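Below is one structure, written out as structure tokens, with a few remarks after it.
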Amino acid sequence: IEQYKINTEKEERIDFKTIMKIPVIIKQQDTHPVLNDQVFKGIDFEIQSELYTKLQETIHDPNLRFFYSISDIEKEFLAFQSEIILQTKSTITPDEQINGKLIPRTQADADRFNNLSKK
């Protein structure tokens with residue numbers, strides 16, 4: 001099992017375009033995505049712009065603490081990943097891994113994964 005490596009060459013961002021189907025672009029002079037003005041015109045653009053602004057305000061609202069929650073959940077997932085890696089290493093050898101041997105996951109593992117995913 002090879003540990004996932006985070007790309008530190010660029011800042012990781014929420015991809016609203018694929019998650020929310022909101023058409024955004026990153027213009028050459030900008031570093032952050034903006035609503036794609038080539039997709040919407042007139043009143044449609046205004047409605048989508050208001051939606052995008054509301055979404056941004058909600059995510060950045062310090063009272064809602066979304067970014068802190070996301071960070072906390074990430075830490076829990078990374079701790080879980082480390083435990084699974086240790087469990088795997090203690091159960092099968094690297095040669096067995098190379099040959100495709102898998103170990104069954106426990107019900108506790110599945111429950112923990114599902115509970116973390118619900119957050």
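As the structure is a prediction and not an experimental result, all values here were calculated from the model. Throughout, residue positions are numbered sequentially from 1 according to the sequence presented.
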Just verifying a value: how many Å separate [X] [atom1] and [Y] [atom2], rounded to the nearest 0.5 Å?
X	Y	atom1	atom2	answer
R65	I59	CZ	CD1	15.5 Å
K54	D61	NZ	CG	8.5 Å
I103	T91	CD1	OG1	4.5 Å
Q97	I92	CD	CD1	4.5 Å
E76	S71	CD	OG	10.5 Å

Legend entry - Heavy-atom side-chain proximity of R105 to I84 below 4.5 angstrom: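 Yes, their side chains come closer than 4.5 Å.
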Inset, instruction - Indicate yes or no: at least one non-hydrogen side-chain atom of Q81 is less than 4.5 angstrom from one of F77. - result: no
Inset, instruction - Could you pull out all residues at least two apart from T106 that satisfy side chain to side chain donor-acceptor pair (under 3.5 Å)? - result: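 Scan of T106 (side chain to side chain donor-acceptor pair (under 3.5 Å), adjacent residues dropped) gives D109.
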Legend entry - Residue list, side chain to side chain donor-acceptor pair (under 3.5 Å) with Q107, at least two apart or on another chain: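 Side chain to side chain donor-acceptor pair (under 3.5 Å) check on Q107 returns D111.
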Inset, instruction - Would you indicate whether Q29, at its atom CD, is surrounded by more than 12 heavy atoms from other residues, nucleotides or ligands within a distance under 6.0 Å? - result: yes
Inset, instruction - Identify the heavy atoms of K119 and I73 that sit nearest to each other, and give their distance. - result: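 Where K119 meets I73 most closely, the heavy atoms are CB-CD1, 3.4 Å.
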Legend entry - Whether N99 side chain and D95 backbone form a donor-acceptor pair below 3.5 Å: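 Flag set: sc N99 to bb D95 pair under 3.5 Å.
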Inset, instruction - Look only at the side chain of E96 and the backbone of T93, and say whether a donor-acceptor pair between them is shorter than 3.5 Å. - result: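 Yes, E96 side chain to T93 backbone: donor-acceptor pair under 3.5 Å.
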Inset, instruction - Using the six-membered ring wherever Trp is involved, compare the ring planes of F80 and F113 and label them parallel, tilted or perpendicular (cut-offs 30° and 60°). - result: tilted
Legend entry - Residues E57, T53; criterion side chain to side chain contact (heavy atoms under 4.5 Å, CB included); working and verdict: CA-CA 6 Å; E57 289 171 353; T53 300; 3.5 Å; yes
Inset, instruction - Applying salt bridge (charged side-chain N to carboxylate O under 4.0 Å, His left out), name anything that partners K118, two or more places apart in sequence or on another chain. - result: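 Here no residue qualifies.
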Inset, instruction - Answer yes or no: is there an ion pair linking R112 with E83, defined by an N-O contact shorter than 4.0 Å? - result: yes
